[in-house]
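Okay, structure first, notes after.
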Amino acid sequence: MTTRSCPCGLPETYENCCGRFLLQPRTRSAGGTPLGTAAAPTAEALMRSRYSAFVRRDAGYLLRTWHPRTRPERLDLDPRMRWTGLEILGTTEGSAFHSTGTVTFRASYRGGSLHERSRFERVDGAWVYVDGDFLD
């Protein structure tokens with residue numbers, strides 16, 4: 001990952017990839033388009049943006065994209081945690097034509113990795129994280 005590439009691992013800049021979901025609406029791209037005003041179009045895109053939010057320690061975005069039924073009151077992110085990569089291992093449903101979906105992934109961090117199957121649902125048309133099962 002270069003300093004300008006997106007933390008989620010796709011070959012785009014952060015601003016053109018996950019940044020368009022995470023960044024505050026007052027921020028603008030090089031072309032003048034407001035960033036942070038788009039919603040993730042698929043469960044996988046939301047998973048990737050949430051990983052980027054963990055990398056950037058953006059607890060506000062993580063809470064905003066968490067299902068109200070399962071969302072914690074607050075989220076304390078460890079500033080010492082260093083995420084090093086995301087690998088999407090599989091998806092079921094989760095497209096623009098579905099109301100639910102799952103994303104199975106491995107998120108690596110300095111010293112280990114997290115293997116999870118996450119569940120997502122649409123709430124008022126937007127994808128949100130519901131919960132997940134740890135694998136391995």
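Side-chain atoms are counted along with the backbone in the values below, which use heavy atoms only and exclude waters and symmetry mates.
Considering L86, T65, V128 as possible partners of R50, the one that fulfils the side chain to side chain contact (heavy atoms under 4.5 Å, CB included) test is T65. For the pairing with T104, the side chain to side chain contact (heavy atoms under 4.5 Å, CB included) check across D133, T91, L135, T92 returns one residue only, L135.
Among residue pairs with one or both ends in residues 114-136, those qualifying as ring pair (Phe, Tyr, Trp, His ring centres under 6.0 Å) are W66-Y129, F120-Y129; sequence neighbours excluded.
Hydrophobic clustering (side-chain heavy atoms under 4.5 Å, transitive across Ile, Leu, Val, Met, Phe, Trp, Tyr) keeps L10 apart from I88. A single hydrophobic cluster is seen to contain both L63 and V55, as judged by linkage of ILVMFWY side chains at heavy-atom distances under 4.5 Å, directly or through other members. The same ILVMFWY cluster, assembled from side-chain heavy atoms under 4.5 Å apart, contains both L77 and L46.
H67 and T70 share no side-chain donor-acceptor pair at under 3.5 Å. A donor-acceptor contact under 3.5 angstrom links the side chains of E116 and S118, judged on distance only.
No donor-acceptor pair under 3.5 Å is formed between the side chain of R57 and the backbone N or O of F54. Looking only at distances, a side-chain donor or acceptor of R122 sits under 3.5 Å from a matching main-chain atom of H98. Within the 3.5 Å criterion, the main-chain N or O of G85 finds a donor-acceptor partner in the side chain of Y51. A distance-only check finds a donor-acceptor pair linking the side chain of R48 to the backbone of C8 [under 3.5 Å]. R106 places no side-chain N or O within 3.5 Å of a backbone atom of E87 that could act as its donor or acceptor partner.
In terms of heavy-atom proximity, L22 sits nearest to S52 at CD2-C, 4.2 Å. Summarising the geometry of C17 relative to E12, their closest heavy-atom pair is CB-CB, 3.7 Å, with the distance given to 0.1 Å. The minimum heavy-atom distance linking A38 with F21 is given by the pair O-CD2, 3.4 Å.
Looking at heavy atoms from C-beta onward, R110 lies out of side-chain contact with M81 at the 4.5 angstrom threshold.
The side-chain tip of R56 points at the ring of Y14 from less than 6.0 angstrom away and within 45° of straight on.
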